[in-house]
S.K.: 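Pasting a structure below so you can have a look.
The structure presented is a predicted model; accordingly, all values stated were derived computationally and were not measured. Numbers here are sequence positions counted from 1.
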Amino acid sequence: MAPGLLDLVHLTTWAVCAVIKLPQLVAVLRARSAWGLSVTSLLLELAGFLVFLRYQIYYGYPLETYLEYPIIIAQDAILLFCIMHFSGKARRALFYAVVFWVGWYMLTLQKWIIDLAMNLCTFISAASKLVQLQHLWQTKDSGQASALTWGMSAYTCAARIITTVVTTNDLAVLIRFIIMLILNIWVTATILHYSKTKKTD
């Protein structure tokens with residue numbers, strides 16, 4: 001792949017990720033409600049992102065292949081706090097912060113821990129999407145779930161499939177992005193389906 005094209009893929013990924021959770025945050029703040037969102041899904045997603053970021057740093061992968069993750073993690077943390085606040089469980093957010101902080105350091109105590117965590121990371125991230133899908137199917141209502149946020153997530157996964165093949169060719173990372181692409185498209189389609197159903201009722 002031409003270096004200019006690879007740089008363009010990196011730049012568009014960073015640009016999308018800089019605002020990826022904003023549509024979701026705006027929807028939650030406007031409604032002052034987290035209806036349609038699964039806290040469990042968000043916690044699993046955050047855990048998956050933290051493991052993935054730690055893995056990339058541990059193995060010294062190029063910064064441009066994971067630069068968006070600190071940005072997404074910060075946005076997820078803010079979204080989680082908003083959801084907890086509107087659910088009347090703001091104090092629980094501190095507990096989750098401590099658990100994630102301790103986990104961040106424990107991941108690299110031994111090489112086998114980070115390798116195992118990366119392999120489990122795909123399952124954790126997939127579970128986060130499946131939990132959100134289950135929540136949507138049970139409520140049959142997209143609520144405040146943002147199709148734009150999930151669609152942007154699908155784009156970034158597609159972009160990262162390309163950059164992974166070109167830069168690191170790490171099979172575990174590639175498999176993760178392929179699975180996340182499929183699930184992000186599925187969640188997006190489900191949100192769109194239920195938001196159309198809601199409008200026609």
S.K.: Would you mind reporting whether Y69 and L50 have side-chain heavy atoms less than 4.5 Å apart?
M.R.: no

S.K.: Any heavy-atom pair between the side chains of Y66 and I57 that's under 4.5 Å?
M.R.: yes

S.K.: Does atom OH of Y59 have more than 12 heavy-atom neighbours, drawn from other residues, nucleotides or ligands, at distances under 6.0 Å?
M.R.: yes

S.K.: With no hydrogens and no angle check, is any side-chain donor or acceptor of S128 less than 3.5 Å from a backbone partner on L44?
M.R.: no

S.K.: Is Q56 reaching over with its side chain to a backbone N or O of L63, donor-acceptor style, under 3.5 angstrom?
M.R.: no

S.K.: Whether the S125 and R176 side chains hold a donor-acceptor pair (N or O, under 3.5 Å, no angle test) is what I'd like checked.
M.R.: yes

S.K.: Does T13 form a side chain to side chain contact (heavy atoms under 4.5 Å, CB included) with T163? I'd like the steps, not just the answer.
M.R.: CA-CA 10 Å; T13 301; T163 62; 5.7 Å; no

S.K.: Passes side chain to side chain contact (heavy atoms under 4.5 Å, CB included), F100 versus L43? Steps please.
M.R.: CA-CA 10 Å; F100 284 129; L43 289 169; 4.0 Å; yes

S.K.: Does the side chain of D115 pick up a donor-acceptor pair with the side chain of Y55 at under 3.5 Å?
M.R.: no

S.K.: Applying ring-ring contact (aromatic ring centres under 6.0 Å, His included) as the test, list every pair that has at least one member in residues 142-192; sequence neighbours left out.
M.R.: F52-F177, W137-W186

S.K.: Mind checking whether L22 and V19 have side chains closer than 4.5 Å, heavy atoms only?
M.R.: yes

S.K.: Give a yes-or-no answer on whether the side chains of R160 and H10 include a donor-acceptor pair shorter than 3.5 Å.
M.R.: yes

S.K.: Go through the structure and list residues passing salt bridge (charged side-chain N to carboxylate O under 4.0 Å, His left out) with K21, not counting sequence neighbours.
M.R.: E45, D76

S.K.: Between the main-chain N or O of I161 and the side-chain N or O of T164, is there a donor-acceptor pair closer than 3.5 Å?
M.R.: no

S.K.: Measure from the side-chain N and O atoms of S87 to the backbone N and O of K89, and report whether any donor-acceptor pair falls under 3.5 Å.
M.R.: no

S.K.: Any side-chain heavy atom of M118 sitting closer than 4.5 Å to one from V173?
M.R.: yes

S.K.: Is the distance between the ring centroids of W101 and Y105 under 6.0 Å?
M.R.: yes

S.K.: Taking only residues two or more places apart in sequence, or in another chain, which ones meet H135 in a ring pair (Phe, Tyr, Trp, His ring centres under 6.0 Å)?
M.R.: none

S.K.: Return yes if some donor-acceptor pair links the side-chain N/O of S146 with the main-chain N/O of T149 below 3.5 Å, else return no.
M.R.: yes

S.K.: Taking Q75 for the side chain and C17 for the main chain, is one N or O donor matched with an acceptor at less than 3.5 Å?
M.R.: yes

